[in-house]
Amino acid sequence: MAALFAAQAKISSGELRPVLGKNATTEEVAEYRKALGIPESADKYDLGDLAFKENEAAFGKLLLEQAHATNQTPEQVKASVKVFREMQTKAEEARFERDEAQKSTGEDELRGEWGPEFRRNITMIHNLLNASGPQDVKDLVLSGRLADGTMIANHPGVLRMLLGVALAANPAGVVVPAGGDPMKGIADEKATIEKRMREDRAGYDKDEKMQSRYRELIDAEMQMKKRAA
């Protein structure tokens with residue numbers, strides 16, 4: 001009897017770890033878990049600051065159920081979750097760095113292709129999305145990811161396509177406020193050029209870029225009127 005009491009005292013103090021037999025009964029399993037501080041069910045593990053977030057609920061439930069089925073102690077479970085958190089943090093940091101690198105590379109490519117119209121084109125893309133739906137949907141589109149993990153907002157090909165759609169709706173590439181009228185934008189820009197034509201004809205005749213832009217505005221205006229007819 002004294003030996004039994006001594007063994008129980010050692011188990012309680014942590015000096016002696018209880019052993020669970022291969023064919024242990026339900027009662028023996030319960031006693032084993034009690035001796036090691038293992039909760040009665042998987043959802044009773046107290047993870048403290050390591051608790052799973054709402055979007056991790058399914059993964060967390062599976063992990064804790066597996067841990068309980070294999071009789072892992074609360075300390076062992078916390079150690080496993082801590083490793084998961086560390087791996088998760090490293091993965092998020094790596095993804096952020098990859099996103100920043102792809103954004104920089106994509107912008108360099110498009111700046112080289114679009115030149116001084118880069119900022120205007122990006123603004124047109126955002127105006128297109130702003131006019132197509134609510135802000136939260138726009139955010140979902142741009143923050144979505146392609147099959148290779150590239151963020152949509154960082155993919156030059158996707159941005160080229162969106163610009164094409166924006167230019168189809170606004171051929172002159174007039175930058176207008178979200179929900180604004182491209183036709184009014186064209187009319188306003190034409191009026192500015194026509195004022196120059198009246199007040200400084202000699203200067204206008206030497207400004208080939210402005211002349212080209214004026215022709216572009218007229219063509220775009222005609223296209224938009226045809227579509228509206």
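Numbering starts at 1 and runs along the sequence shown. Side-chain atoms are counted along with the backbone in the values below, which use heavy atoms only and exclude waters and symmetry mates. Only a predicted model underlies this, so the values are computations on that prediction, with no experimental measurement involved.
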| field | Residue pair D99, R145: steps toward the salt bridge (charged side-chain N to carboxylate O under 4.0 Å, His left out) verdict | value | CA-CA 10 Å; D99 286 345; R145 294 182 183 275; 2.8 Å; yes
Table please: side-chain donor-acceptor pairs of residues 101-112 below 3.5 Å, with sequence neighbours left out.
residue, atom, partner, partner atom, Å
Q102, NE2, T150, OG1, 3.4
T105, OG1, A101, O, 2.9
E109, OE2, R160, NH2, 2.5

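- Remark: R196 engages D200, Y204, D207, M210 in a side chain to side chain contact (heavy atoms under 4.5 Å, CB included) (not counting sequence neighbours).
- By the 4.5 Å heavy-atom criterion applied to side chains, R119 and I122 are counted as neighbours.
- Evaluation of the side chain to side chain donor-acceptor pair (under 3.5 Å) rule for T70 yields Q72 as partners, not counting sequence neighbours.
- Pairs engaging residues 50-66 under the side chain to side chain donor-acceptor pair (under 3.5 Å) rule: E56-R85, E56-Q88, K61-E65 [sequence neighbours left out].
- Remark: E75 does not engage K78 in a salt bridge, criterion side-chain N to carboxylate O under 4.0 Å.
- Separation of atoms CG (L129) and CD (Q135) is listed at 9.5 Å; rounding is to 0.5 Å.
- Separating the NE2 atom in H126 from the CG atom in L162 is a distance of 9.5 Å, to the nearest 0.5 Å.
- With a 4.5 Å cut-off between side-chain heavy atoms of Ile, Leu, Val, Met, Phe, Trp and Tyr, the cluster of M151 takes in none.
- The structure places CD of E31 at 11.5 Å from CG of L36, a figure rounded to the nearest 0.5 Å.
- Look at E199 and K195 and you find a salt bridge, because one of the NZ, NE, NH1 or NH2 atoms lies within 4.0 Å of a carboxylate O, short of that distance.
- Separating the CG atom in N130 from the CD1 atom in I125 is a distance of 12.0 Å, to the nearest 0.5 Å.
- Side-chain contact between E194 and Y214: present, with at least one pair of heavy atoms (C-beta onward) separated by less than 4.5 Å.
- Annotation: side chain of L159 is not in contact with side chain of L163 (no heavy-atom distance under 4.5 Å).
- No option in E93, E86, M87 other than E93 meets the side-chain contact (heavy atoms from CB on, under 4.5 Å) test with T89.
- R213 has a carboxylate O that lies under 4.0 Å from a charged side-chain N of E189, or vice versa, which qualifies the two as a salt bridge.
- In this structure D43 satisfies the side chain to side chain contact (heavy atoms under 4.5 Å, CB included) test together with S41, sequence neighbours excluded.
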